[in-house]
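Both counts, for ligands and for their atoms, begin at 1 and track the order of listing. Bear in mind the structure is a predicted one, so any value in this text is a computation, not a measurement.
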Amino acid sequence: MTPSFSPETLALLRKDLASNTRKLFIDGAFASSASGETLEVINPATGNVFAHAAAGDRYDIDLAVRAARRAFDGGVWPGMPPAQRARLLTRLADLIETHCERIALTETLDNGMPFSMARFAAAVGASEQLRYNAGWATKITGETVTPSTPGEWHAFSSREPIGVVGAIVPWNFPFVMAVAKIAPALAMGCTVVLKPAEQTPLSAIILGELIAEAGFPAGVVNIVTGFGDTAGAALVDHPMVDKITFTGSTDVGKKIVRAATGTLKRVTLELGGKSPVVIFPDAHLDRAIPAAAMGIFGNAGQVCAAGSRLFVHDCIFEQVVEGLTQRAIELKVGSGLAADTEMGPLVSNEQLERVLGYIETGLIEGACAKVGGQRSSGANLEQGYFVQPTILTGTTGGMKVCKEEIFGPVLCVMKFEDDDLDRIAALANSTDYGLSSNIWTRDISTALRLAKRIKAGTVRINGGAGVDPAIPLGGFKQSGWGRENGRAGIEAFTELKSVTVAL
Ligand code: NAI
Ligand code: MG
């Protein structure tokens, strides 16, 4: 059943957003940016400005970092008993569930995604991130070690929180990504300055309200909305920040690495992808085809792990392409507020132009739009940033559309003719990225042999578990550094210390 919302809640929310500029959340209080600057928030389904948020800059970032520093160095957060920290994280999870309708409506207005998706991301995705990571607060341990050095020793390792974390998130899943960034950091005793994306600042501000309501001490989480090259860059440059955790473009990821060399602050990067989907002749096509469609059309393709390159065995190629084409034609494109919408708009005019530009380049390079290929037309779509679900055939590995991340509902389809797994893996790996991958076959040996050969942080065989807080997520090659989620995601917010005692 599709979850619905109350029209009264939406009307009240719209009214409130139109009349109250959203503020920064620093040291437990809401405040305007020091400069008084604001940024316009656009509804991508209509192209209209519907809200304003404070545009923080270097000065506001400095205030936020100092607040986070005090909450860390003074011990109020890292010194709190882990069980008590865990309790606050679970309380925040409960509050998110209680307020998920308002969060999801805000997300849909701001990002464009279907309400049902936004609600699931908040009520399940975000709250489970908090619950999972809350569990780790009381479970992270070091080891005892027996040195071989002559003498009698007591030696052990311990994990200590890294310190102040700067978390920079993108606009494709604004709320759940913000929560996924802060949850493990907080569980380990770190304090945080969160910088949401300028396109989608609103749901993070609700997160600030709920953090205050849950009773987190002042300064533990600070939220500074603003632009990337001002607020974002200032956070990366700040000498009092110990670690940056970032999700976004590979270009900005590289900039962050360069900027971090001054202080050698720790950096975790979750960057772009160009993930392959490989379908073998024996696959359950009734499952593989809808999954491949949602893997590229879900959230309008604005997903880091989107399956954007499809490799299909020659003998089922026509059948798979027909099935996908049918799905693309049927897909209900529209406002995320409409109950039957399956795919919303792209987040911004900039992304719209970018995606249309890629499609055009693909066609010039010789690809053929089997379906889609244009901006959506029709009632209520013209003002928004809607693109038709698009399938490009006749694509080859060397084309720009097959090499670069498009971040839109555009699938490049290619065929393979043999059963040589080395050759298939070479096709799948022929990209600078290595975030995710998908294999469809009923032959477990084929699946696992290909899984071994694929250079990607995630391999999904016959369907994926989605993003699960227990399953590590991250990239090989230019898809990033480090891992989020699971034990690796928790340890990324700690420093390992060895203590040796000569007895
Ligand atoms: P972006 O990488 O510029 O933005 C992501 C975040 O980084 C935002 O919060 C932004 O304000 C911040 N940022 C930008 N410049 C910064 C800087 N110099 N220092 C610190 N923070 C900075 O991504 P953008 O421009 O919005 O999208 C461009 C492309 O990036 C997309 O088309 C897509 O290919 C890719 N992308 C990938 C994402 C993923 O989930 N891996 C998410 C968003 C974008
Ligand atoms: Mg950018």
J.: Taking all atoms of both residues into account, what is the closest heavy-atom pair of Leu435 and Ala305, and its distance?
T.: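 In this case the closest contact between Leu435 and Ala305 is CD2-N, 3.9 Å.
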J.: Side-chain donor-acceptor pair under 3.5 Å between Tyr433 and Glu405, yes or no?
T.: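 Not at all, the side chains of Tyr433 and Glu405 share no donor-acceptor pair under 3.5 Å.
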J.: Can you tell me the protein heavy atom closest to atom 38 (C) of ligand 1 and the distance?
T.: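 Heavy-atom neighbour on the protein nearest atom 38 (C) of ligand 1: Phe407 CZ, 3.4 Å.
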J.: Are any side-chain N or O atoms of Glu270 and backbone N or O atoms of Glu484, one a donor and one an acceptor, separated by less than 3.5 Å?
T.: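 The answer is no, because no donor-acceptor pair under 3.5 Å joins these two groups.
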J.: Short list, please: which atoms of ligand 1 are under 4.0 Å from a heavy atom of Val169?
T.: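 In order of numbering, the contacting atoms are 6 (C), 8 (C), 9 (O).
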J.: Flag atom 2 (O) of ligand 1 as yes if some protein heavy-atom distance to it falls below 4.0 Å, otherwise no.
T.: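 Within 4.0 Å: yes, protein heavy atom nearby.
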J.: Using modelled atom types and a 3.5 Å cut-off, is there a donor and acceptor pairing between side-chain atoms of Ser437 and backbone atoms of Thr458?
T.: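 It does hold such a pair.
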J.: What is the nearest protein non-hydrogen atom to atom 15 (N) of ligand 1, stated with its residue, atom name and distance?
T.: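 Heavy-atom neighbour on the protein nearest atom 15 (N) of ligand 1: Val252 CG2, 3.6 Å.
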J.: Under a 4.0 Å heavy-atom limit, does Leu271 contact ligand 1 with its side chain, its backbone, both, or neither?
T.: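 Backbone only.
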J.: Quick one: which of Lys265, Arg266, Lys243 gives a salt bridge (Lys or Arg N to Asp or Glu O under 4.0 Å) with Glu495?
T.: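 Exactly one pass, corresponding to Arg266.
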J.: Considering only the protein, which heavy-atom contact is closest to atom 42 (C) of ligand 1, and what is its distance?
T.: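 Of the protein heavy atoms, Pro170 CB, 3.3 Å lies nearest.
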J.: Do Thr108 side-chain atoms and Leu105 backbone N/O form a donor-acceptor pair below 3.5 Å?
T.: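 Not a single qualifying donor-acceptor pair exists.
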J.: Contact between Gln199 and ligand 1, counting heavy atoms under 4.0 Å?
T.: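 It does; at least one heavy atom falls under 4.0 Å.
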J.: Which residue and atom name correspond to the protein heavy atom nearest atom 7 (O) of ligand 1, and how close is it?
T.: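 Result for atom 7 (O) of ligand 1: Phe246 CE1, 3.2 Å.
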J.: Would you verify that at least one protein heavy atom lies under 4.0 Å from atom 25 (O) of ligand 1, or report that none does?
T.: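 So atom 25 (O) of ligand 1 lacks protein heavy-atom neighbours under 4.0 Å.
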